[in-house]
Amino acid sequence: MKTSYLADVRGLQDGSRFKAVGWVMRRRSHGRLVFLDLRDSTGLLQVAVKAGVADEASLKAASMVGRESLVEVDGLVRTEARAPGGKELTALQVRVLSGVAQDFPLRKGVGAKVLWDNRHLALRSLRVSALMKIRARLLSALRRWFEENGFTEINCPSFITAAVEGGATLFKVDYFGKTAYLTQSVQFYQEAAIFGLEKVYSVQPSFRAEKSKTKRHLTEFWHVEAEIAHAGLSDMMGVVERLVGESSIQALQQSGEELRILGRKPRLDVLEPPYERIKYSEALEILESKGVDVPWGTDLGADEERVLTEGFEKPFFLTHFPREAKAFYHRIDPSDGRVTLSADLLAPRGYGEVVGGGERIFSLEELVARIEAEGLDPKDYEWYLDLRRYGSVQHAGFGLGLERLIQWLLELKSIKTATLFPRTRARIYP
RNA sequence: GCCGGGGUAGCUCAGCCUGGUAGAGCGGCGGGCUGUUAACCCGUCGGUCAGCGGUUCAAAUCCGCUCCCCGGCGCCA
């Protein structure tokens, strides 16, 4: 197993002997002097292969080596201002461990289609590696936050029989001759689990067969969901703002090098909780003052959401959506029967919805009435109704789109960039 | 699903409007070059013009259909 990495040269004195193993990103041959830019998981190292220092076989190997070949270079570390990173390895010996069958299909300047068609090769870049390291740190920080705040992680099934929301966006699968679907959300299972564990969270993929073709939609995305017993809408927003704010700040603070590679300098102060809470009806007034008329009761479209979020530096909660705009399980506000106790967290500058959630109906009668009012059959929700029959408890929960959060924090043009192998309506390969 | 943009060499694109034997740069390959940073210089190879059909003496170019990619909307995290 490899035990030393390219970034290790930073800590070495000039003249130290170092054995570098990495892939050839670029080769610049001057005949009797060849530069190789090597890459490994820790970064980039420039190797200079000079006649008279390296042996002739090494010089020849270096001048002929193809891009993305795996090479081993034995050499001496040298401070060199012209080298990226400030250090260079002067080669004594170069060995090609594994060559390439043909020219590597990717280089600077290739278009989006080629990049996505070759995602299995494109992910070798320093940029993709940087993104994935930040993603991993963010996920780890989110999990740590939940653990430190008394939540238990649970794992729920991905095969389901009934819809959480509308059936139109479910992927149908053949399940031994029966029709099953891929889950869109583990919310219902979490609602069951809180009767034992009280505060639960899950991290797993959700599937949406939405025919959307936008830069903010994936058909398979990683969903961070939580459900809290003995909690109302305001409690839920308190959890969300601390979870999102503290985890994001922590992950970004740990990622200075990766942010430099990506050319991003996210502002951490705008992530500090608390976040403003704005009612749906207030949002309509804000929009009206900007010349956008939205009839009461309809959900905000992408354009309206963009106009609304443009005026904010920090993320904010949009609360109390009209019942028509939300799924049946949202609890109606006892003080205003037209609206639900719901809240979405909207990212500023047009990045839009990152979290959706709210308080759930916990009364059996109210839930049955809402299911029937939506034209659904209560028989399809028997086990879900059972939860209201035996010691029902006030509770609230939410779902966070991990890729949406990453897209906003890193200001990514497309959500596809936030995941290693994106799945969209148009792409299921590689 | 609707609307818009696109598909020409391995890649990035020009040529299409106004029909007349397929072009450039990069990459590959060969040669040169001891301080490059997407190195540079010289040479060379490289094409089902997305597919099918039509108009025409002649189609990358005009017309019709189909497929694929990108973006926007609706929907959502």
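A note on names: the letters A, B, ... follow the listed sequences, proteins ahead of strands, and every chain is numbered from 1. Owing to the predicted nature of the structure, the values given are computational and were not obtained by experimental measurement.
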Under the salt bridge (Lys or Arg N to Asp or Glu O under 4.0 Å) test, which residues partner Arg144(A), sequence neighbours left out?
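Listed in chain order: nothing, the list is empty.
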
I'd like a table of atom pairs between the protein and nucleotides 66-71 of chain B - only N or O on both sides, under 3.5 Å - with the distance next to each one.
from, atom 1, to, atom 2, distance (Å)
C69(B), OP1, Ala426(A), O, 2.7
C70(B), OP1, Lys416(A), NZ, 3.3

Remember a base hit wins even if backbone is also touched, and classify [X] as base, sugar-phosphate or nothing at under 4.0 Å, heavy atoms.
{"X": "Glu220(A)", "value": "nothing"}
{"X": "Pro84(A)", "value": "base"}
{"X": "Gln102(A)", "value": "nothing"}
{"X": "Arg216(A)", "value": "base"}
{"X": "Glu403(A)", "value": "nothing"}
{"X": "Ser206(A)", "value": "nothing"}
{"X": "Leu218(A)", "value": "base"}
{"X": "Asp299(A)", "value": "sugar-phosphate"}

Starting at [atom1] of [X] and ending at [atom2] of [N], how long is that distance when rounded to a whole Å?
{"X": "Phe207(A)", "N": "C75(B)", "atom1": "CZ", "atom2": "C1'", "result": "19 Å"}
{"X": "Arg423(A)", "N": "C76(B)", "atom1": "CZ", "atom2": "C1'", "result": "20 Å"}
{"X": "Gln190(A)", "N": "A77(B)", "atom1": "CD", "atom2": "P", "result": "14 Å"}
{"X": "Asp37(A)", "N": "U36(B)", "atom1": "CG", "atom2": "P", "result": "13 Å"}
{"X": "Met25(A)", "N": "U36(B)", "atom1": "CE", "atom2": "C1'", "result": "15 Å"}
{"X": "Leu36(A)", "N": "U34(B)", "atom1": "CG", "atom2": "C1'", "result": "14 Å"}
{"X": "His330(A)", "N": "C76(B)", "atom1": "NE2", "atom2": "P", "result": "11 Å"}
{"X": "His217(A)", "N": "C75(B)", "atom1": "NE2", "atom2": "C1'", "result": "6 Å"}

Quick one: side chains of residues 318-328 of chain A, donor-acceptor pairs under 3.5 Å with protein atoms, not counting sequence neighbours, listed by atom name and distance.
from, atom 1, to, atom 2, distance (Å)
Arg323(A), NH1, Gly337(A), O, 2.9
Lys326(A), NZ, Asp344(A), OD1, 3.4

Enumerate the protein-to-nucleotides 42-50 of chain B contacts in which both atoms are nitrogen or oxygen and the separation is below 3.5 Å.
none

Salt bridge or not between Arg137(A) and Glu258(A)? Use side-chain N to carboxylate O under 4.0 Å.
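Salt bridge flag = yes for Glu258(A) with Arg137(A).
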
If the threshold is 4.0 Å, N to carboxylate O, is there a salt bridge linking Glu220(A) and Arg208(A)?
no

Tyr384(A)-Glu191(A) side chain donor-acceptor pair, cut-off 3.5 Å:
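Their side chains do contain a donor-acceptor pair, which is all the 3.5 Å distance test asks for.
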
Quiz question: by atom type and distance under 3.5 Å, do the side chains of Glu246(A) and Trp145(A) form a donor-acceptor pair?
yes

Within residues 50-57 of chain A, which residues have any heavy atom lying less than 4.0 Å from an atom of RNA chain B?
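Output list: Lys50(A), Ala51(A).
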
Which residues within residues 134-151 of chain A lie with some heavy atom under 4.0 Å of an atom in RNA chain B?
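Under 4.0 Å from RNA chain B: no residue of residues 134-151 of chain A.
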
Using the [atom1] atom in both, what is the distance from [N] to [M], to the nearest Å?
{"N": "C16(B)", "M": "A50(B)", "atom1": "P", "answer": "15 Å"}
{"N": "C26(B)", "M": "C69(B)", "atom1": "C1'", "answer": "22 Å"}
{"N": "G72(B)", "M": "G35(B)", "atom1": "P", "answer": "48 Å"}
{"N": "C68(B)", "M": "C62(B)", "atom1": "C1'", "answer": "23 Å"}
{"N": "C11(B)", "M": "C3(B)", "atom1": "P", "answer": "31 Å"}
{"N": "G31(B)", "M": "G20(B)", "atom1": "C1'", "answer": "39 Å"}
{"N": "G19(B)", "M": "C29(B)", "atom1": "C1'", "answer": "37 Å"}
{"N": "G25(B)", "M": "U44(B)", "atom1": "C1'", "answer": "16 Å"}

Phe362(A): partners by ring pair (Phe, Tyr, Trp, His ring centres under 6.0 Å), with sequence neighbours left out
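For Phe362(A), no residue satisfies ring pair (Phe, Tyr, Trp, His ring centres under 6.0 Å) once neighbours in sequence are set aside.
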
Looking at residues at least two apart in the chain, or sitting in another chain, which of them share a ring pair (Phe, Tyr, Trp, His ring centres under 6.0 Å) with Phe18(A)?
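With neighbours one apart ignored, the set is empty.
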
Residue pairs fulfilling ring-ring contact (aromatic ring centres under 6.0 Å, His included) with at least one residue in residues 30-54 of chain A, sequence neighbours excluded:
His30(A)-Phe35(A)

Determine which pairs satisfy ring-ring contact (aromatic ring centres under 6.0 Å, His included) with at least one residue from residues 103-129 of chain A, sequence neighbours left out, and list them in order.
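Passing the test, one end in residues 103-129 of chain A: no pairs.
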
Start with the C-alpha distance between Glu68(A) and Arg124(A), add both sets of side-chain angles, then the distance that settles salt bridge (charged side-chain N to carboxylate O under 4.0 Å, His left out), and finish with yes or no.
CA-CA 9 Å; Glu68(A) 289 301 318; Arg124(A) 300 174 176 205; 2.8 Å; yes

Would you say the base of [N] and the side-chain of [X] have a donor-acceptor pair closer than 3.5 Å?
{"X": "Arg32(A)", "N": "U34(B)", "result": "no"}
{"X": "Arg28(A)", "N": "C33(B)", "result": "no"}
{"X": "His30(A)", "N": "A39(B)", "result": "yes"}

Taking distance alone, no hydrogens or angles, what donor-acceptor pairs closer than 3.5 Å link side-chain atoms of residues 271-279 of chain A to residues at least two apart or in another chain?
from, atom 1, to, atom 2, distance (Å)
Tyr275(A), OH, Gly245(A), N, 3.4
Tyr275(A), OH, Leu271(A), O, 2.7
Arg277(A), NH1, Ser234(A), OG, 3.2
Arg277(A), NH2, Glu241(A), OE2, 3.4

For the NZ atom on Lys19(A), are there more than 12 heavy atoms of other groups (residues, nucleotides or ligands in this structure) within a distance under 6.0 Å?
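Result for NZ/Lys19(A): open.
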
Short N/O separations, protein against nucleotides 26-29 of chain B, under 3.5 angstrom:
from, atom 1, to, atom 2, distance (Å)
G27(B), O2', Asp103(A), OD2, 2.8
G27(B), O2', Arg107(A), NH2, 2.7

May I ask you to establish whether Arg338(A) and Trp296(A) are in a cation-pi arrangement, using a distance under 6.0 Å from NZ or CZ to the six-membered ring centre and at most 45° from the ring axis?
yes

Phe35(A) or Gly111(A), whichever maps to the more 5' nucleotide of RNA chain B
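Looking at the nearest nucleotide for each, Gly111(A) comes out on the 5' side.
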
